[in-house]
Amino acid sequence: MENLVNGTRVFAVDVAQPEVAPLAEAAATIRSGGLVAFPTETVYGLGADAANAAAVERIFVAKGRPSDNPLIVHVSDRGMLSDVVREIPPKADRLAERFWPGPLTLVLPKRPTVPDSVTGGLDTVGVRMPHHPVALALIRAAGVPIAAPSANRSGRPSPTAADHVVEDLAGRIDIILDGGETGVGVESTVLDLTVDPPVLLRPGGVTLEQLTKEIGEVVVDRTVHGAEAGESPRSPGMKYKHYAPQAQVILVDGPVLDMQSKIKDLAYEYEEEGQKVGIMCSAESRGVYQAPVVLEYGSRDDLSGMASDLFSTLRAFDRHGVSVVLVEGVPATGMGLAIMNRLRRAAAGRVVQV
Ligand code: TXA
Ligand code: MG
């Protein structure tokens, strides 16, 4: 089924049979330098042929993305990995063996054939093999590695459903493949393997605990916990504000009861100022608040479930027209590390510790 939105063709894809039409058409679009948004297990990606510098440039224009923020290259097999990287150290090999296909991006020395526009001028490239039938089928059918950032306008929450991509990019790209909701909900973990011990640049779908169990020591880059990236960040993406709805986001973090009472106080203060307040909280806290818009995003006992609903909940506040969103923090362990990283960045430094 095809639907046309502002010139962008939106196709429903049968996830159980990704090989049938419209896949051939989407693959041809990639091969001829076009842009195709497609589902992965983490978030939707905006894909172009990674070897085609002009096509890659179009990604930056469509997203409004700063050109020094490198893209992740998506591959469907190990052969393609060898086509884009110069060297695969033993730890990278082990991690690929254990977690691919899956939400882990390995930063490795790039081959000269990878255009500078993909890597933001760095001599390394981030590569991952996605765990999604549509993503894998698209890469295979195109027969080339696909460069793909998250398919959102720069600064917006990453898309976890095709509707989010339509919202942000209809009219700016050629095709959107609608494969339903993504599962993991936060982006892949980005790990720099050009140094030893490896450095965690972005927490994501594979947890720090899982990495450590597989390869031993992993250094956590200071930007992961919200430090400013400064002048020469290792992961250029970390220096930009991100993941934000239109409202101002304020993250409140600490023991549950203290968070709840601080959020109640702040909600009262902002309402007195005439603001429309939204609250984003766990299912456990749902009954505690009386603000006009209270949206829960899962149980604190299931951080993976919370990660899965994180971005769609942030986006939902825009539909309610709130001006301030007060968000409860979660423990920064397991998937909680990725959740807190995204929330800190959505809050752009407005974090209240109680
Ligand atoms: O789950 C994901 O990773 C999704 C799906 C579509 O695969 N993609 C994604 O891409 O999140 P993007 O462009 O939104 O985020 C890529 C992140 C950025 O923080 C970027 O700075 C970092 O990966 N990155 C990419 N290549 C890098 C490199 N060579 N060195 C350091 N960081 C890199
Ligand atoms: Mg992104």
Side-chain angles (χ1 to χ4, degrees), residues 36-48 50 56 59-60 62-75 84-86 99-111 114-132 134-136 138-139 145-160 164-165 168-169 177 179 182-195 198-206 221 223-224 229 232-244 307 311 338 341-342 345-346:
V36 176
F38 60 95
T40 81
E41 80 280 29
T42 57
V43 301
Y44 274 73
L46 176 58
V56 170
I59 290 182
F60 288 88
K63 280 185 60 102
R65 179 175 173 117
S67 62
D68 66 346
N69 191 2
L71 308 180
I72 293 170
V73 173
H74 296 68
V75 299
V84 289
V85 307
R86 257 189 291 124
F99 296 109
W100 280 6
L104 176 64
T105 295
L106 306 174
V107 173
L108 296 166
K110 83 172 187 82
R111 281 196 191 277
V114 180
D116 277 347
S117 50
V118 171
T119 63
L122 300 173
D123 59 4
T124 58
V125 59
V127 189
R128 86 177 190 99
M129 191 189 294
H131 189 53
H132 192 288
V134 175
L136 287 171
L138 178 66
I139 303 164
I146 294 183
S150 50
N152 50 283
R153 286 301 292 269
S154 200
R156 299 268 299 145
S158 295
T160 54
H164 303 162
V165 184
D168 280 16
L169 296 175
L177 297 177
T182 63
V184 177
V186 291
E187 303 86 339
S188 63
T189 301
V190 179
L191 187 70
D192 183 356
L193 285 139
T194 63
V195 286
V199 176
L200 178 72
L201 297 177
R202 178 177 74 179
V206 171
D221 194 65
T223 56
V224 167
S232 60
R234 312 178 76 122
S235 185
M238 293 314 226
K239 73 181 181 218
Y240 300 105
K241 181 184 164 190
H242 244 110
Y243 311 120
F311 289 135
N341 171 268
R342 305 309 189 268
R345 301 187 55 218

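Predicted model only: the values in this text are computed from it and were never measured. All ligand and atom numbering here is 1-based and tracks the order in the structure.
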Heavy atoms only, cut-off 4.0 Å: how does [X] contact ligand 1, side chain, backbone, both, or neither?
{"X": "Arg65", "result": "side chain"}
{"X": "Thr124", "result": "both"}
{"X": "His74", "result": "side chain"}

What atoms in ligand 1 come closer than 4.0 Å to a heavy atom of [X]?
{"X": "Val190", "result": "23 (O)"}
{"X": "Leu201", "result": "31 (C), 32 (N)"}
{"X": "Gly126", "result": "26 (N), 29 (N)"}
{"X": "Val125", "result": "29 (N)"}
{"X": "Asn69", "result": "18 (C), 20 (C), 21 (O)"}

Is the shortest side-chain N to carboxylate O distance from Glu41 to Arg128 below 4.0 Å?
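Arg128 and Glu41: salt-bridged.
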What protein atoms of element N, O or S are positioned under 2.8 Å from the Mg ion (ligand 2)?
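Listed by chain and number, the atoms are Ser150 OG.
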Option set Pro70, Pro103, Gly45, Gly205, criterion heavy-atom distance to atom 26 (N) of ligand 1, minimum:
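Comparing heavy atoms across Pro70, Pro103, Gly45, Gly205, the nearest one to atom 26 (N) of ligand 1 lies in Pro70.
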Best match, Leu46, Ile72, Asn152: closest heavy atom to atom 16 (C) of ligand 1
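Checking each option, the heavy atom nearest atom 16 (C) of ligand 1 is found in Ile72.
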So, 4.0 Å and heavy atoms of Thr119: is ligand 1 close enough to count as a contact?
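Outside the 4.0 Å threshold, so no.
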Applying side-chain hydrogen bond (donor to acceptor under 3.5 Å, both in side chains), run through Ser188 and Thr105 and close with a yes or a no.
CA-CA 6 Å; Ser188 63; Thr105 295; 2.8 Å; yes
Geometric N/O contact Thr40 with ligand 1, under 3.5 angstrom:
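The answer is no, given that Thr40 and ligand 1 share no N or O pair closer than 3.5 Å.
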Among Arg156, Arg153, Arg65, find the one that has a salt bridge (charged side-chain N to carboxylate O under 4.0 Å, His left out) with Asp168.
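In the set Arg156, Arg153, Arg65, the residue that makes a salt bridge (charged side-chain N to carboxylate O under 4.0 Å, His left out) with Asp168 is Arg156.
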